[in-house]
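Lettering follows sequence order; numbering is per chain, from 1.
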2 protein chains.
Amino acid sequence: MAYTTERRPLRADAQRNYDRILGAAREVFACQGAGASLKEIARRAGVGSATLHRLFPSRRTLLEAVFHDRVEELCANAAQRAKESEPGPALLAWLGDLTAYAAGSRGLAASLLHDGRDADLLDQNEGCQAMITAAARELLQRAQQAGAVRPGVRAEDLLALVNAISLAAEHHDDDAQAGRLLNIAIEGISLQPAENA
Amino acid sequence: MAYTTERRPLRADAQRNYDRILGAAREVFACQGAGASLKEIARRAGVGSATLHRLFPSRRTLLEAVFHDRVEELCANAAQRAKESEPGPALLAWLGDLTAYAAGSRGLAASLLHDGRDADLLDQNEGCQAMITAAARELLQRAQQAGAVRPGVRAEDLLALVNAISLAAEHHDDDAQAGRLLNIAIEGISLQPAENA
DNA sequence: CTCTAACCGGAGCACCAGCCCGTTTGTCAA
DNA sequence: TTGACAAACGGGCTGGTGCTCCGGTTAGAG
């Protein structure tokens, strides 16, 4: 809840506003999607819009902050999966987690797409993207060493694909679609011949 | 160029404006992406914004009109591919065409996503989406009958995936990514065991 | 307690999509 | 050819956005 820029401790009032904004953003994003009005968030947080823009210079900064804990959780899942399953299944299971999560949090996918060349996000390199990429790379590497996944597949591609799938599925009424699309992708990275069903 | 609503012939001036807007939209979308300002398009077409909104009730209507000919071309490609290749390779080749095209026309993918529940688009069911879906279904069905593609795969899913891939690749600097992602998807739908490279 | 720098937030800017409505213009019948 | 009328036009308005400027407020160090 009290995640802040590590630069220098915020002044007490600033920290309070930071938390309020984060809370409001969580609610608003959840029910209106990631495209929601920032003014509305500021209003609901009882804060001027300038304050919001000072603490979160871009919409994406805010999104990253909002999703930060849940992404951490997801990365923890990755470690857990790695421990309790074989490399191959671990990766697959985690991709499932990821898809479910991304499809569930409306608009996360969309916002993560919008180009990484976001100045203030790059130096603060503990961004969500970086964490997830690291986790994915780890799982993928082990799966590849175990021979469960084709060697040509890259972690970034896998993530991009999952991201894209979530995004696509979000906009079709069909709830099960994300699962089917993921399945297409998975069958694609699996080394074993596909079943003949 | 002179594609119009088939309802009733537009009055001469209206038709002229229709064409001008289409021309301007083509230019503007091409260089600014599909999110470009509609006012700017109207301005460049030498037309009031109301006129644009009357002839094209939504941004998507305009996009559909702009891309209509090229989509037709794409569907013609599908027939061509079907004639000159085996069912399996034909589908794969066409998916390649589709990806290349979608990745090339910035923003088409994004706009096609945004939910199909667009009233004025549904009755005018000769929309791009419908044409492409039909073409894909045809190719897919033949490929499946020939045993080249797993039976579980649906045409809509395939299209959604290609669409998602184009969208994802568009936002990463990596130009070759679309190809790699498509490859992941393809290996996934192929019935033959993956090569051991 | 004082004083400064950090912080606040409303007013303002530029932009957008979409609509209203008085005006112009194409079209068709007389 | 002319007249009448519906069709089409487009400027300007509304209500929204993201973002910034700047005069006022306040936390908190000394």
Identify all pairs in which a protein N or O lies below 3.5 Å from an N or O of nucleotides 9-13 of chain C, and state each distance.
from   : atom 1 : to     : atom 2 : distance (Å)
dG9(C) : OP2    : G48(A) : N      : 3.4
dG9(C) : OP2    : T51(A) : OG1    : 3.1
dG9(C) : N7     : R54(A) : NH2    : 3.1
dG9(C) : O6     : R54(A) : NH2    : 3.4

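- Relative orientation of the F56(A) and Y18(A) rings is tilted, given thresholds of 30° and 60° on the angle between their planes.
- Within the model, atoms CD1 of I41(B) and CZ of R20(B) stand 15.5 Å from one another, a figure rounded to the nearest 0.5 Å.
- Put simply, CD1 on I41(A) is 13 Å from C1' on dT17(D), counting in whole angstrom units.
- Summarising the geometry, the separation between CG on L52(B) and P on dG10(D) is reported as 11 Å, rounded to the nearest angstrom.
- If R16(B) and R43(B) are placed on DNA chain C by their nearest nucleotide, the residue sitting closer to the 5' end is R43(B).
- Rounded to the nearest 0.5 Å, atoms CG (N163(A)) and OG1 (T99(A)) are 9.5 Å apart.
- Within the nucleic acid shown, A45(B) has no heavy atom closer than 4.0 Å to any nucleic acid atom.
- A straight line from NE2 of H53(B) to C1' of dC19(C) spans 9 Å, rounded to a whole angstrom.
- Atom P of nucleotide dG18(D) and atom CD1 of I21(A) are separated by 14 Å, given to the nearest angstrom.
- Rounded to whole Å, the distance from OH on Y18(B) to C1' on dA7(D) is 17 Å.
- Atom CZ of R60(B) is separated from atom C1' of dA17(C) by 18 Å (rounded to the nearest Å).
- dC19(D) atom C1' lies 16 Å from atom CZ of F56(A), rounded to whole Å.
- Within the model, atoms CG of L140(B) and OG1 of T133(B) stand 11.5 Å from one another, a figure rounded to the nearest 0.5 Å.
- Each salt bridge (charged side-chain N to carboxylate O under 4.0 Å, His left out) pair with one or both residues in residues 135-148 of chain B, not counting sequence neighbours, appears once here: R137(B)-E156(B).
- Distance CD (Q15(A)) to P (dA6(C)): 17 Å, rounded to an integer number of Å.
- Screening residues 75-95 of chain A for salt bridge (charged side-chain N to carboxylate O under 4.0 Å, His left out), with sequence neighbours left out, gives R81(A)-D97(A).
- Side-chain atoms of N77(A) and E73(A) include no donor-acceptor pair closer than 3.5 Å.
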Shorter than 3.5 Å, N or O on both sides, protein versus nucleotides 28-30 of chain D: list them out with atom names.
from    : atom 1 : to     : atom 2 : distance (Å)
dG28(D) : OP1    : A12(A) : N      : 2.9

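- Listed by first then second residue, pairs satisfying salt bridge (charged side-chain N to carboxylate O under 4.0 Å, His left out) with a partner in residues 39-55 of chain A read E27(A)-R44(A), E40(A)-R43(A), E40(A)-R44(A), not counting sequence neighbours.
- For R11(A), the salt bridge (charged side-chain N to carboxylate O under 4.0 Å, His left out) test picks out D13(A), with sequence neighbours left out.
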